[in-house]
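Let me begin by presenting the structure, written as structure tokens, before commenting on it.
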Amino acid sequence: MTEQQVQQQEESQLVAARRAKMQRWMDDYNVYPWGNRVDGLTSLADARSQFSQEAHDASKEEGGVDDRPRVKVAGRCIQHRAMGKLTFLVIRDETGDLQISCSKSALSTEAFKVASKLDYGDIVVAEGPIGATQKGEICVWADDFTLACKSLVPPPEKFHGISDAELRYRQRYVDMYTNPETIETFKNRSIIIRAIRSYMETGGFVEVETPMMQPLAGGAAARPFSTHHNALDIPLFLRIAPELYLKRLLVGGMRKVYEINRNFRNEGISKKHNPEFTMLEAYEAFGDCETMLELTEGMVRAGAAAVSESMCISFGEIEVDYNKPFDRVSYGDLFEKALGFSMDDEASVRAKGSELHIDGSDNLNHWLLVSAIFDACVEDTIDPTRPTFVTDYPSAISPLTRPHAECDALSHRWELFICGMEIANSYTELNDPDLQLQRFTEQLDGADDEIQAFRTLDDDFIHALRVGMPPAGGLGVGIDRVVMLLTGNESIRDVVLFPLMKPQDSTHEETD
RNA sequence: GGUCGCGUAGCUCAGUUGGCAGAGCACCUGACUUUUAAUCAGGCGGUCUUGGGUUCGAGUCCCAACGCGAUCACCA
């Protein structure tokens, strides 16, 4: 927000009213509007569960003993109904909502005044027996009530929460308290990632952290973000993948390693792409892409089990049953089934390329053309309700992958698709240093000037391979996309707390 | 980056053929001891995203910019 906008907001009438009210409370009732430490708080869900009908009934009898459980709770005011000598308000915390009933006769004059004039958004602490109203609403009958934090900004519409997607992403904190399902999603994200970590640890994988700022951005083909280190006066790139560093760890002698962390790719933004995204990469020495396939199926299932008892989870119109074994189909079979001719049939592939008006279809390498056709019209033929491993990718589009011994056009690589999204990518790693050097060199030769500017041969990685990397399986999993699937959110922006947004106050210098 | 759609009060939205800027909620004042999006009475609130243009007159029509969304491209 610009200073001007902040100023406008602070000058608005609604804010001014809240400031005035706060000042009155400070002057007249000696209220400190910013609160202090509070011990012994009970969550709202906990407090609600402590309600006892017997104790409630007994407390209403003439001369009955009041042994209703006492609770101390805190939350943000989301509803407020003042009725003269009685005020009802509903507060919210991350576990749910609970009504607080404030009777003038049970509270100090000051506390009752504050309660009856409370604003939506104020954070309060209330203490008292947990009981119910005449209509049966479970509530805390407050005998102590204090302001914990004055909210100076009025909340959006009180009943429906905010629906404007832009506002939800820009002011996530407002989205979170007005739309409880937002917190639910991010708690589930945490649960899923914890389940995945636990699954990896159980499998003997060691979590490591490798550089996010790299002198050479390798391990994938994306465009990197670039930055600069002042003291060393060198350019640095935000990593596009941790791959080349994780493999060095296998060279060093670690058997099973994984990393869950952010990658940064300077590419387009879409429902499935945020410029920074969370990726799990795992490498297992003496494994191959088959071991990684089994690992991945178990991992996705562990995540699903952590957030869903039935493990049947809807994603838009699609329902996926994660109990069932995942499908697998080879790249070539899928291609032939979708198009009616083999991907080895160069003439038909060439013809199809022209038909689809694929860029450079006349002189593109056969396998690159196959890949373009595959992306254009074969991927969509995968049943979205069935998690599907597509295996045996062409080597030409898999420069870090070991080719098949019997047919070096194909490689030991698979990708996992669920609901039309690419979720994971895995290969039997190439550990022949000479072949790897050749692949890198070919890749660089094919690159245009712009790509050459940031893609440089990683000599040290080749050196590491010469030292010797054991045969290994490698895996990358798009964690955000897994969370999308397992929480039923169709946009990556709904599973990333603070998705990248264009600044609203962009002052653009016109350079003519 | 291309195409299409949207942008009106704090929020959600209406605004007719181009003719005084509207509603509900929120907010302010008052009443009310069992409310459930409480109710009742009264009141406040606008750079119609921004900048140009057409017109006697523009929220409305035209052009451009900005932001958001959808979609395509890009992303092995």
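Quick caveat, the model's predicted, so the values are computed rather than measured. Below, chain A is the first sequence line, B the second, and so on; all start at residue 1.
- Atom OH in A:Tyr169 sits about 7 Å away from atom P in B:G69, given to the nearest Å.
- Contact of A:Thr133 with B:U36 (side chain to base): a donor-acceptor pair of N or O atoms is detected under 3.5 Å.
- Side-chain proximity of A:Ala222 to B:U36, B:C75, B:G67: nearest is B:C75.
- Contacts of A:Ser105 with the nucleic acid, taken as non-hydrogen atoms under 4.0 Å apart, include base atoms.
- Within residues 373-380 of chain A, no residue has any heavy atom closer than 4.0 Å to RNA chain B.
- Residue contacts shown for A:Ala396 are absent, as no nucleic acid heavy atom lies under 4.0 Å away.
- Taking atom C1' in both B:G59 and B:C13, the straight-line distance is 14 Å, to the nearest Å.
- Salt-bridge check for A:Glu166 with A:Arg170: passed, with a basic side-chain N closer than 4.0 Å to an acidic carboxylate O.
- In secondary-structure terms, RNA chain B builds stems of at least 3 consecutive Watson-Crick or G-U pairs, each pair having both distances under 3.5 Å, at B:1-7 with B:66-72, B:10-13 with B:22-25, B:27-31 with B:39-43, B:49-53 with B:61-65.
- Side-chain atoms of A:Glu166 lie closest to B:C68 of the nucleotides B:C28, B:C75, B:C68.
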Dump the pairs, protein N or O against N or O of nucleotides 9-13 of chain B, anything under 3.5 Å, distances to one decimal.
residue, atom, partner, partner atom, Å
B:C11, O2', A:Glu157, N, 3.2

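- For the C1' atoms, the distance from B:A26 to B:A65 is 33 Å, rounded to whole Å.
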Distances under 3.5 Å between nitrogen or oxygen atoms of protein and nucleotides 2-7 of chain B:
none

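- Ring pair A:Phe51/A:His56 is tilted by interplanar angle, where 30° to 60° counts as tilted.
- Contact check, A:Arg18 against B:A26: no side-chain N or O comes under 4.0 Å of OP1 or OP2.
- Projected onto RNA chain B by closest heavy-atom contact, A:Leu500 and A:Ala132 fall at different nucleotides, the more 5' of which corresponds to A:Ala132.
- Comparing B:G51 with B:C66, their C1' atoms are spaced 10 Å from each other, to the whole Å.
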Should A:Asp494 and A:Tyr169 be marked as a side chain to side chain contact (heavy atoms under 4.5 Å, CB included) after you check the CA-CA gap, both sets of side-chain angles, and the distance that decides it?
CA-CA 8 Å; A:Asp494 290 319; A:Tyr169 303 137; 3.0 Å; yes
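- Where A:Ser371 and A:Met501 meet RNA chain B, the nucleotide closest to each residue was compared, and A:Met501 sits on the side nearer the 5' end.
- In this structure, A:Lys272 reaches neither bases nor backbone, as no heavy-atom distance under 4.0 Å exists between it and the strands shown.
- Donor-acceptor pairing under 3.5 Å is lacking for the side chains of A:Thr401 and A:Arg413.
- Comparing the C1' positions of B:U60 and B:C6 gives an interatomic distance of 15 Å, to the nearest angstrom.
- Within the nucleic acid shown, A:Trp141 comes within 4.0 Å of at least one base atom, counting heavy atoms only.
- A:Arg168 comes within 4.0 angstrom of nothing in the nucleic acid, heavy atoms only.
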Take A:Ser151 and A:Arg18 through the side chain to side chain contact (heavy atoms under 4.5 Å, CB included) test and state the conclusion after the steps.
CA-CA 8 Å; A:Ser151 172; A:Arg18 286 182 176 231; 3.8 Å; yes
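- In the set B:U33, B:A37, B:C74, the nucleotide with an atom closest to the side chain of A:Arg223 is B:C74.
- Distances shorter than 4.0 Å separate none of the side-chain N or O atoms of A:Lys271 from OP1 or OP2 on B:G69.
- Here the separation of B:G46 from B:A14, taken at their C1' atoms, is 15 Å to the nearest Å.
- Contacts classified as ring-ring contact (aromatic ring centres under 6.0 Å, His included) and involving residues 409-432 of chain A (residues at least two apart or in different chains) are given here: A:Phe389-A:Trp414, A:His404-A:His412.
- The listed nucleotides are B:A76, B:U29, B:G69; the one nearest the side chain of A:Pro399 is B:A76.
- On the P atoms, B:C27 is 40 Å away from B:C62, given to the nearest whole Å.
- Between A:Phe225 and A:Phe264, the angle of the ring planes goes over 60°, which puts this pair in the perpendicular group of the 30/60° scheme.
- The salt bridge (charged side-chain N to carboxylate O under 4.0 Å, His left out) check on A:Glu336 picks up nothing, with sequence neighbours excluded.
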Go through the steps to decide whether A:Ile423 and A:Leu485 satisfy the test side chain to side chain contact (heavy atoms under 4.5 Å, CB included), and finish with yes or no.
CA-CA 10 Å; A:Ile423 299 303; A:Leu485 289 170; 3.5 Å; yes
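- Among the heavy atoms of the strands, none lies under 4.0 Å from A:Tyr393.
- Spacing of P atoms, B:G1 relative to B:A58, comes out at 34 Å, to the nearest Å.
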